[in-house]
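Working notes for the structure below.
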There are 2 protein chains.
Amino acid sequence: MLPSENIKDFLDQGPEYLPSVSVDCVIFGFHEQQLKVLLLEFKKTKAHALPGGFVFKNESTAEAAKRILWERTGVKDIYLEQFYTFGEPNRGNWDVHKATMASHGFDLTKEHWLLQRFITIGYYALVDFSKVKPTPDIFSDVGDWYDVHDTPPLILDHNRIVAKALETLRLTIDHKLVGFNLLSETFTMNELQSLYETVLDKKLLRANFQRKMLNLGILERVKKKFTGKAHKPPFVYRFNAEALDKQNS
Amino acid sequence: MLPSENIKDFLDQGPEYLPSVSVDCVIFGFHEQQLKVLLLEFKKTKAHALPGGFVFKNESTAEAAKRILWERTGVKDIYLEQFYTFGEPNRGNWDVHKATMASHGFDLTKEHWLLQRFITIGYYALVDFSKVKPTPDIFSDVGDWYDVHDTPPLILDHNRIVAKALETLRLTIDHKLVGFNLLSETFTMNELQSLYETVLDKKLLRANFQRKMLNLGILERVKKKFTGKAHKPPFVYRFNAEALDKQNS
DNA sequence: GCAAAAGTGTTGTCTCTACACCCATGT
DNA sequence: ACATGGGTGTAGAGACAACACTTTTGC
């Protein structure tokens with residue numbers, strides 16, 4: 001199918017969506033000591049944006065967010081949390097959308113549904129970087145990871161949305177043990193500490209961090225050790241979900 | 001003006017609102033050792049509901065919440081915070097609305113804008129109980145305070161919205177010093193402690209609570225003392241905003 | 001003086017911080 | 001052996017709970 005046909009399909013879908021409501025996803029990953037965000041780049045205009053979309057009339061907003069995540073990352077069962085709803089009447093200008101559509105041969109009038117006011121519900125997702133293959137959508141040819149502190153200018157108020165998501169993650173990670181979703185199933189204590197240091201943006205002491213984590217009683221030490229460099233091999237840990245449930249109850 | 005004319009005006013206002021989006025306010029007050037919520041009671045159906053409303057097309061959702069608060073409580077400059085957006089496709093049934101409108105002589109078809117799906121953005125407000133005169137709207141003849149743990153069944157998913165607001169308040173009050181908004185300008189340490197005990201639903205020790213609060217450095221001791229019973233009069237404190245700003249910076 | 005409630009002091013426990021020390025591995 | 005990074009021990013600082021004590025009022 002030609003891209004323009006895809007886009008026509010999309011534009012025709014307008015009436016199937018809940019008016020005025022959109023969903024944007026801030027997808028966090030962790031790689032090489034950096035906290036990353038998944039961003040899309042529009043084909044023609046080279047503008048950057050968060051993966052987002054609209055909500056079908058009989059779909060919950062959380063389901064919409066999951067659907068979008070699946071389309072962009074190919075992963076289901078993702079850790080997903082709503083963090084804020086952005087309800088300003090003027091969240092930025094829509095010229096990029098207009099230009100993008102024009103470049104595909106669709107001249108949208110000011111009254112077109114895509115150019116109306118939308119409030120957007122922000123969800124953030126924590127994913128295992130290694131399991132995710134960024135998938136572009138019909139408007140973007142590239143989906144790629146960016147250091148959260150070094151993002152390009154984004155369309156609309158998406159920079160603010162990223163900032164708010166990061167702020168929420170920071171406040172959350174300390175008392176909700178959410179960080180494990182950003183690592184692969186097994187990990188070393190050092191990896192976990194790097195993650196915390198990156199998110200909280202401050203150095204932590206090995207000794208104390210380790211004790212704190214182990215005292216939570218939610219880490220299971222996998223017997224196997226690491227093989228690698230010229231030093232004592234670290235233990236590999238696994239996150240123990242049952243123990244966490246006990247804590248929360 | 002007749003009530004039915006008011007209601008006609010309201011129904012005609014549909015096109016001026018942002019479709020699919022509503023705002024609901026959980027208004028907390030503190031009185032006689034109880035945490036209270038302001039609820040409306042519909043005239044005919046006797047159903048209870050949160051004060052809520054719709055968002056004008058060129059108004060932010062926060063402004064809409066403030067407007068609704070002002071209409072219901074007569075107070076401006078209220079502490080207001082967004083806490084969650086409820087985006088399920090089926091948030092309960094709208095029969096009450098239909099019945100209410102029917103009782104005023106308006107038979108709404110299934111396609112009427114008021115009976116469509118709405119996502120609702122929850123805001124909670126903390127107000128000085130003594131300054132608030134609950135004001136009913138055109139659909140309700142009574143606005144009244146209820147103990148948050150003893151609310152009547154509410155329409156739609158409003159019970160859940162109250163529960164979520166309370167949960168958010170609990171998590172917030174400890175590290176964001178938000179409780180002062182629920183008291184009058186000056187208050188005794190005992191009142192403040194009662195508030196915390198009620199919100200957190202546990203007993204605290206006088207001595208330790210007092211130290212903790214005073215050590216925050218945000219309470220100013222008003223020289224005047226209390227007059228009353230047969231015991232040592234308590235100091236009256238005032239919340240010192242400047243000191244708080246210093247802390248947050 | 002006495003009851004009642006406000007306010008202060010003290011002590012032990014727990015947690016976090018900082019740093020010192022020991023352990024296992026590859027070269 | 002030794003450099004490198006993983007893991008443990010411990011002393012000091014600070015926070016918090018529990019309880020005892022003093023203070024000020026009306027009766």
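Here is how names work: the chains are called A, B, and so on, in the same order as the sequence lines, proteins then strands, and each is numbered from 1.
Using a 4.0 Å cut-off, some side-chain N or O of A/N190 falls inside it from OP1 or OP2 of D/dG6. Under 4.0 angstrom from either OP1 or OP2 of D/dT8 there lies at least one side-chain N or O belonging to A/Q210.
If you measure from atom NZ of B/K212 to atom P of D/dG14, you get 18 Å, rounded to the nearest angstrom. Protein atom CG of B/L219 is 15 Å distant from nucleotide atom C1' of C/dG7, rounded to whole Å. In this structure, B/F209 places its CZ atom 16 Å from P of D/dA18, rounding to the nearest Å. In this structure, the CE atom of A/M189 is 20 Å from the P atom of C/dC23, given to the nearest Å. In this structure, CG of B/L192 is placed 13 Å from P of C/dA6, rounded to the nearest angstrom. Put simply, CE on A/M213 is 14 Å from P on D/dG7, counting in whole angstrom units. Rounding to whole angstrom units, CG of residue B/L214 and P of C/dT8 are separated by 7 Å. In this structure, CD of A/Q193 is placed 12 Å from C1' of D/dG5, rounded to the nearest angstrom.
Take B/Y237 and apply the ring-ring contact (aromatic ring centres under 6.0 Å, His included) test, not counting sequence neighbours, and it matches no residue. For A/S194, the side chain to side chain donor-acceptor pair (under 3.5 Å) test picks out A/Q33, with sequence neighbours left out. Partners of A/H149 under the ring-ring contact (aromatic ring centres under 6.0 Å, His included) rule, at least two apart in sequence or in another chain, do not exist in this structure.
Listed by first and then second residue, the salt bridge (charged side-chain N to carboxylate O under 4.0 Å, His left out) pairs involving residues 157-174 of chain A are A/R91-A/D157 (not counting sequence neighbours).
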Pairs under 3.5 Å (N/O, protein and nucleotides 17-20 of chain C):
{"residue": "C/dA18", "atom": "N7", "partner": "A/N208", "partner atom": "ND2", "Å": "3.0"}
{"residue": "C/dA18", "atom": "N6", "partner": "A/N208", "partner atom": "OD1", "Å": "3.1"}
{"residue": "C/dA18", "atom": "N6", "partner": "A/R211", "partner atom": "NH2", "Å": "3.2"}

Please table the atom pairs, donor to acceptor, closer than 3.5 Å between any side-chain atom in residues 77-89 of chain B and protein atoms at least two apart or in another chain.
{"residue": "B/Y79", "atom": "OH", "partner": "B/E81", "partner atom": "OE1", "Å": "2.7"}
{"residue": "B/E81", "atom": "OE2", "partner": "B/K176", "partner atom": "NZ", "Å": "2.9"}
{"residue": "B/T85", "atom": "OG1", "partner": "A/T85", "partner atom": "OG1", "Å": "2.4"}

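Between B/H175 and A/H175, the ring planes lie tilted relative to each other; the angle falls in the 30° to 60° range.
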